[in-house]
Amino acid sequence: MTGMQRFGANLRAVPARLKGSVVRTGTPTTDRSRSSFVFGNLFLHLHSVRAHLWTFRWSTTWGLGIMALSAFLVTLGTGILLMFYYKPYPEVAYWSIKDIHFVVPTGRLIRNIHRWAAQLMVLVVFVHMARVFYTASYRKPREFNWVIGMGLLAVTLGLSFTGYLLPWDQLAYWAITIGANIAQSPREITDAFGITAWFDPGGLQKFILLGSEEIGEEALIRFYLLHVMVLPLALAALLGVHFWRIRKDGGLARPADAERRLGDAGRSVYPVFTDAPQKTYHLAAVVRGTSPAVGRAPERTVPSMPHLFYAEAAVFMLTLLFCVALSLVSDAPLKEHANPAVPENPAKAPWYFLGLQELVAYSAFMGGMGIPLIVLLGLTLIPFLDREAAGTGEWFGGPGGPALVVRSTAFGLGAVLAIEAVAIRFGWIREWWPDAPQLFITLVNPGTLLAAAYALWSIWCVRRYDSTRAGALALFTCFLCGFIVLTVVGVHFRGPNWGFYWSPAAWPGH
Amino acid sequence: MTTSPIAAPRSRLEPPPLPRRDFLGLAALWSALVTLAFATVGALRLPRAAVVPVPSRKFRVTLPEALAPGDAFVPPGRSVAVFRDADGVYAVSTVCTHLGCIVKENGRGFACPCHGSTFARDGTVTKGPAPKALAWLAVTRAPDGGWIVDEAKAVPPDTKVRA
């Protein structure tokens, strides 16, 4: 063979050899090649090689985690594209968004997809958290992953918040104003004690957020940096740990009797141990902990390739389809150019912050910082306060069960509706007693009373059912009810000057 | 000082002496940590610039001749309501003390569009989450007969400047 012939042969073999050098194991057709397909790939090896059949039941996860990840990946891709044209400077930011909408080819669609994927991500992250909670999947050894999840929730909300500030329209400008002043709201407390002149954490937080005394280019560049760099990197790092821990914590949580409940499903699909074994086993090492008993080891598992990956790919495609479909029919909003002299009336945040806005309308500090921090802390501590085992992996599992959830829903809705009704109908302390000390108004407002009522209900449930899981079920259900009702009130029932209106049609004209 | 090559046998209960290699290792580790800590403290000053350009918030107002006593005049683009009555001229900030939205004069006082606080005409809170009264701002007479309002300088309520 001459040199030229070898060259020709090599050239013809390039596609096959390139593929072989990337994917070393060939087509995943056997158990062995399916396994190496997973652990031979940097990204796929976050999965275990085999997944339990319980994982594939619709009601185990509803695909929510992958859906949230898919939404994030969509925002990541579209976000990078948007960065080609977006200019983070107050005088041109708004016009660059206009350019993206009207001038840049496909810019409008990409911005719409970015926005819808972001909205979907927030929604799905909340629902995913509820799924994990209600199936009691946060328990040992998964406590830390629940904590990581709380970090992901906070970063997701941070990404959304910093995202809608960037267009520098009226929504953005007044959201920055309100956000920066919430950061400054500890002054409500320090002012009440008269110590702001010496000790002013609120003022410092606001200054660091804005980079200036005024809202301007320093503030915009800071939020831009957070949105495109700091928070996405934080999210990616947390996501990596989150996924890795799923595998290290033994896959998805499942009930103790999962084997029995699966019945005969998949019994014969991929037999690992056959009657005529081809392999022998020996004890490789003495390790701590339980090890699978020989003879019935990973029987109720199937290879992740293709089963898990195909399911995940399907969820990704559905998410993408959903975002694109919504983007074709509904444009991302862009309000008027920022006007520091005139806020919108009413000035409403996006839906996921309107529950908070409702709380903030009772007290800036308690609604904007105090209660959210208490809620986040309470949620984070759940797996450390509920150490029971009953009901793990089971919807509404644990003492009390669905009946307790129904009862807590009734209590949660009743409490929030009652307190809102009183505050809307009769006003609050300032109207009854104009000279009330500010500290009293800050501490005793509808938001804090609601949080206290929920906490008391939860403690009562711990005693009544003699179970910490019952207390957690009660508290989380109440939290969801409060969140949903406050959000709905904020979205639908609040009008100009944050007044109460039965429908937007009843708003007074200008 | 040198030690005798034949030292007395050490008791098992005595802690073993720190070997020199470990000592050097620990010293290096702690030096690095302390340096890092100081560097971090230094870098924490970064988000707060030493000099922050702030536009002057003093501006000149010419009150309309027909401004009735107790009627608010809001200079275009400013967050201030200027009043004139028998006692003189005064300015009330229209920046809500709750979360910084701009309140709107409505004849009876001020109302905030964002979270529903309301204020009386003198700036005191009548309803809603605002923790403080609206600030009164410094007003001075300009040499040419107009008025100068300083948005950055608060004065005690009821400070009115005679014409």
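Note that the structure is a prediction, hence the values are computed from the model and not measured. Quick note: numbers below take in every heavy atom, side chains included, and nothing from hydrogens, waters or symmetry partners. Proteins get letters first, then strands, A, B, ... in listed order; numbering begins at 1 in each.
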Atom group of B/C112 that falls short of 4.5 Å from chain A, counting heavy atoms: backbone
Going from CG on A/D191 to NZ on B/K132, what distance comes out if it is rounded to the nearest 0.5 angstrom? 4.5 Å
Passing candidate, side-chain contact (heavy atoms from CB on, under 4.5 Å) with B/C114, options A/T177, A/I178, A/N497: A/I178
Verify the neighbour count for atom CZ of B/F59: are there more than 12 heavy atoms of other residues, nucleotides or ligands below 6.0 Å? yes
Measure A/Q438 against the heavy atoms of chain B and call it side chain, backbone, both or neither at under 4.5 Å. side chain
Sub-3.5 Å donor-acceptor pair from the side chain of A/R222 to the main-chain atoms of B/P47, do we have one? yes
More than 12 heavy atoms from other groups under 6.0 Å of CH2 on A/W432: yes
Heavy-atom closest pair, residues B/P55 and A/E214: CG-OE1, 4.1 Å
Max heavy-atom pairs within cutoff under 4.5 Å with chain B, candidates A/P340, A/P346, A/P343, A/A347, goes to A/P343
So, the side chain of A/R430 versus the backbone of B/A130: is there a donor-acceptor pair under 3.5 Å, distance only? yes
So which atom in A/E431 and which in B/T126 form the shortest heavy-atom distance, rounded to 0.1 Å? CG-O, 3.9 Å
Greatest number of heavy atom pairs closer than 4.5 Å to chain B - which of A/F365, A/W174, A/Y362: A/W174
Which bit of A/E344 comes within less than 4.5 Å of chain B, counting heavy atoms only: side chain, backbone, both or neither? backbone
Show me the pairs that pass ring pair (Phe, Tyr, Trp, His ring centres under 6.0 Å) and involve residues 127-163 of chain B, at least two apart or across chains. B/Y90-B/W136
Give the table of side-chain donor-acceptor pairs shorter than 3.5 Å for residues 98-109 of chain B, with sequence neighbours excluded, one pair per line with atom names and distance.
from: B/H98; atom 1: ND1; to: B/H115; atom 2: ND1; distance (Å): 3.4
from: B/H98; atom 1: NE2; to: A/V360; atom 2: O; distance (Å): 2.9
from: B/E105; atom 1: OE1; to: B/G107; atom 2: N; distance (Å): 3.3
from: B/E105; atom 1: OE2; to: B/R121; atom 2: NH2; distance (Å): 2.8
from: B/N106; atom 1: OD1; to: B/R108; atom 2: N; distance (Å): 3.2
from: B/N106; atom 1: OD1; to: B/G109; atom 2: N; distance (Å): 3.0

